[in-house]
Amino acid sequence: MTFTSHMHIALSQARAAAKRGEVPVGAVIVAKSGKVIAQAGNRTRELNDPTAHAEVLAIRAACAALGQERLEGFDLYVTLEPCPMCAAAISFARIRRLYYGASDPKSGGVAQGARVYAHPQCHHAPEVYDGLSADASARLLKDFFEARR
């Protein structure tokens, strides 16, 4: 089986988030077959909702589309290392694989900081693959914040 990255879709969602004035993070959920089930970008400001991170929105949309609370066997691509809240949501959803772009030394919850999946209280840890389109993901974030300074 050949690996096909869907990070280009997550990057597209991140660019759309930036155009809305949101921190440019995008996420996409993909079935084993390669079918895209849901995609989202950050909407915390637009929705006045601190939980409206791209990962959470994509998980909600995928669960709603499939009519189920868990996403066993599904993969999540996200442009930035998930924060602890999103890492926990990914665990609760039982996502099979997590692919992310840029690492987040300040607020990450997977390889940095809280390291949610390393805790014995974590009931499910996805396979984690980092660094996919890391440069493009980091550049979006850097450009976004430089424009606001």
Side-chain angles (χ1 to χ4, degrees), residues 5-31 35-72 74-119 121-149:
S5 175
H6 291 82
M7 192 60 83
H8 65 284
I9 299 169
L11 285 164
S12 176
Q13 287 293 324
R15 286 189 285 276
K19 286 181 183 175
R20 292 190 302 271
E22 301 278 357
V23 174
V25 177
V28 60
I29 294 180
V30 181
K35 180 181 178 186
V36 173
I37 304 301
Q39 52 189 301
N42 277 355
R43 292 186 180 275
T44 59
R45 291 179 176 196
E46 176 186 346
L47 299 176
N48 296 311
D49 179 355
T51 70
H53 291 198
E55 302 95 320
V56 171
L57 294 175
I59 289 169
R60 288 175 184 164
C63 288
L66 297 167
Q68 59 194 49
E69 67 178 294
R70 296 208 172 130
L71 300 171
E72 295 179 58
F74 291 82
D75 299 339
L76 171 66
Y77 293 79
V78 62
T79 57
L80 181 65
E81 177 183 354
C83 71
M85 174 187 72
C86 292
I90 291 163
S91 175
F92 295 150
R94 305 295 197 267
I95 296 286
R96 176 178 68 154
R97 292 184 183 131
L98 166 63
Y99 299 92
Y100 70 85
S103 63
D104 189 353
K106 181 179 176 187
S107 301
V110 177
Q112 329 266 338
R115 294 187 171 109
V116 171
Y117 306 134
H119 287 266
Q121 296 89 347
C122 181
H123 298 291
H124 169 78
E127 293 177 34
V128 177
Y129 301 91
D130 62 349
L132 269 73
S133 302
D135 292 340
S137 298
R139 171 59 52 202
L140 274 172
L141 289 158
K142 184 177 181 189
D143 291 350
F144 177 81
F145 288 111
E146 279 182 355
R148 277 152 181 72
R149 290 189 182 117

Please examine the side chains of [Y] and [X], heavy atoms only from C-beta on, and report whether any two atoms are closer than 4.5 Å.
X	Y	value
Met7	Thr79	yes
Ile90	Tyr117	yes
Tyr77	Val30	yes
Arg15	Pro24	no
Leu76	Tyr99	no
Glu81	Asp130	no
Thr44	Asp49	no
His6	Val36	yes

Cys86 and Val56: CA distance, side-chain angles, deciding distance, side chain to side chain contact (heavy atoms under 4.5 Å, CB included) verdict: CA-CA 6 Å; Cys86 292; Val56 171; 3.9 Å; yes

From [X] atom [atom1] to [Y] atom [atom2], the distance as rounded to the nearest 0.5 Å:
X	Y	atom1	atom2	answer
Asp104	Gln112	CG	CD	7.0 Å
Gln68	Phe74	CD	CZ	5.5 Å
Ser137	Leu80	OG	CG	8.0 Å
Arg94	His124	CZ	NE2	7.0 Å
Leu47	Leu57	CG	CG	6.5 Å

Identify the heavy atoms of [X] and [Y] that sit nearest to each other, and give their distance.
X	Y	value
Gln13	Gly26	CB-CA, 3.8 Å
Phe92	Arg70	O-NE, 3.7 Å
Gln39	Ile9	OE1-CG2, 3.0 Å
Ala17	Val25	CB-O, 4.2 Å
Ala87	Pro82	N-CB, 4.0 Å
Ala38	Ala62	CB-N, 3.6 Å

Between Thr51 and Arg60: side-chain donor-acceptor atoms closer than 3.5 Å: yes

Evaluation steps, side chain to side chain contact (heavy atoms under 4.5 Å, CB included), between Val110 and Tyr100: CA-CA 10 Å; Val110 177; Tyr100 70 85; 4.1 Å; yes

Aromatic Phe144 / basic Arg148 pairing, under 6.0 angstrom, 45° off normal: yes

Arg139 with Asp135: basic N within carboxylate O range, under 4.0 Å: no

Salt-bridge present (Glu146, Arg149; N to O < 4.0 Å): no

side-chain contact (heavy atoms from CB on, under 4.5 Å) partner of Ile37, the single match among Leu71, Val28, Leu66: Leu66

Stepwise side chain to side chain contact (heavy atoms under 4.5 Å, CB included) check, Met85 with Glu55: CA-CA 10 Å; Met85 174 187 72; Glu55 302 95 320; over 6 Å; no

Arg45 CZ: over 12 foreign heavy atoms closer than 6.0 Å: no

Side chain to side chain contact (heavy atoms under 4.5 Å, CB included) between Arg96 and Glu72, intermediate numbers included: CA-CA 6 Å; Arg96 176 178 68 154; Glu72 295 179 58; over 6 Å; no

